[in-house]
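FYI, side chains are in, hydrogens and waters are out, and symmetry mates aren't considered; it's all heavy atoms of this structure. From a predicted model like this one, the values you see are computed outputs, not experimental measurements.
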Amino acid sequence: MTHDIPEPVASFLAAVNAHDKNAFKDAFVAEPVVDDWGRTFTGTDQVTAWSDVEFIGSSPTLTVTDVSTKPGSVTVVGDWKSNHANGLSSFNFDLDGDKIAKMTIREG
């Protein structure tokens with residue numbers, strides 16, 4: 001099943017599945033925020049350090065099962081598989097123009 005995922009989230013998810021660290025970083029605003037199940041990482045350095053171990057660095061794949069949108073926000077639910085964690089997860093993206101300002105990860 002394919003899903004209509006708006007930009008910049010579609011390109012971000014392609015970067016995640018390709019384990020592309022540079023495209024991951026480029027998807028975010030200059031001072032991004034990631035909320036990973038209640039743990040908050042702020043700024044490029046913290047987000048990159050987190051991702052290098054728990055996100056891009058964990059060789060992930062995300063198989064999207066649902067997408068919903070509202071102005072300035074996209075939520076993607078999918079089956080997350082990685083060397084760090086696995087399971088149905090929800091990824092909410094708060095957008096700032098063509099960049100991701102905040103990504104919040106919760107149970108899907």
Side-chain angles (χ1 to χ4, degrees):
M1 174 184 283
T2 60
H3 297 276
D4 187 21
I5 304 170
E7 291 296 340
V9 176
S11 293
F12 174 81
L13 295 177
V16 170
N17 284 333
H19 315 143
D20 185 336
K21 291 180 182 186
N22 291 328
F24 169 84
K25 284 190 230 179
D26 290 345
F28 287 98
V29 297
E31 288 297 317
V33 175
V34 169
D35 177 341
D36 181 14
W37 294 71
R39 296 178 306 139
T40 302
F41 304 92
T42 304
T44 300
D45 291 345
Q46 283 188 8
V47 169
T48 299
W50 162 80
S51 176
D52 285 350
V53 175
E54 298 182 35
F55 206 69
I56 296 292
S58 69
S59 300
T61 57
L62 177 65
T63 304
V64 176
T65 59
D66 189 46
V67 178
S68 61
T69 62
K70 60 184 179 180
S73 178
V74 177
T75 300
V76 173
V77 177
D79 186 20
W80 177 263
K81 294 188 187 311
S82 75
N83 296 329
H84 180 75
N86 296 290
L88 195 60
S89 298
S90 172
F91 298 83
N92 184 73
F93 299 93
D94 293 333
L95 306 179
D96 183 356
D98 65 348
K99 298 284 187 178
I100 298 167
K102 182 177 183 182
M103 176 173 70
T104 303
I105 306 169
R106 294 291 188 269
E107 184 174 0

- line: Here the gap from Phe93 atom CZ to Ile5 atom CD1, rounded to the nearest 0.5 Å, amounts to 9.0 Å

- prompt: When rounded to the nearest 0.5 angstrom, what is the spacing between CG in Leu88 and CH2 in Trp80?
  reply: 13.0 Å

- prompt: Can you find a side-chain donor-acceptor pair between Glu54 and Ser58 that sits under 3.5 Å?
  reply: no

statement: Heavy-atom closest pair (Thr69 atom, Pro6 atom, distance to 0.1 Å) is CG2-CG, 3.7 Å

- request: Give, for atom CG of Leu62 and atom OG of Ser89, the distance between the pair rounded to the nearest 0.5 Å.
  value: 7.5 Å

- prompt: Do Ser82 and Thr61 come close enough that some side-chain heavy atom pair is under 4.5 Å?
  reply: no

query: Do Glu7 and Phe12 come close enough that some side-chain heavy atom pair is under 4.5 Å?
result: no

message: Evaluate Gln46 against Thr42 for side chain to side chain donor-acceptor pair (under 3.5 Å), listing each step before the verdict.
response: CA-CA 6 Å; Gln46 283 188 8; Thr42 304; 4.6 Å; no

Can you give each donor-acceptor pair under 3.5 Å made by side-chain atoms of residues 101-108, sequence neighbours left out, with the distance rounded to 0.1 Å?
residue: Arg106; atom: NH1; partner: Asp35; partner atom: OD1; Å: 2.8
residue: Arg106; atom: NH2; partner: Asp35; partner atom: OD1; Å: 3.3
residue: Arg106; atom: NH2; partner: Asp35; partner atom: OD2; Å: 3.0

- request: Keeping the roles fixed (side chain from Thr48, backbone from Thr44), state whether a donor-acceptor pair exists under 3.5 Å.
  value: yes

field: From CG (Asp94) to CD1 (Ile100), nearest 0.5 Å
entry: 10.0 Å

message: Return the CG to CZ distance between Asp52 and Phe24, rounded to the nearest 0.5 Å.
response: 8.5 Å

- prompt: Testing Val77, Val74, Leu13, Asp4 for side chain to side chain contact (heavy atoms under 4.5 Å, CB included) with Val67, which one passes?
  reply: Val74

message: Taking Val33 as the starting point, is it possible to reach Val76 by hopping between hydrophobic residues whose side chains are less than 4.5 Å apart?
response: no

field: pair Pro60-Phe55: side-chain heavy atoms closer than 4.5 Å
entry: no

- request: Return yes when atom NZ of Lys99 has more than 12 non-hydrogen atoms of other residues, nucleotides or ligands closer than 6.0 Å, and no otherwise.
  value: yes

- prompt: Has the side chain of Thr75 got a donor or acceptor atom that lies under 3.5 Å from a matching backbone atom of Asn92?
  reply: no

- prompt: Which side-chain hydrogen bond (donor to acceptor under 3.5 Å, both in side chains) pairs, counting each pair once, include a residue from residues 17-28, with sequence neighbours left out?
  reply: none

- prompt: Do Ile56 and Val29 sit in the same hydrophobic cluster, where Ile, Leu, Val, Met, Phe, Trp and Tyr count as joined when their side-chain heavy atoms come under 4.5 Å apart?
  reply: no

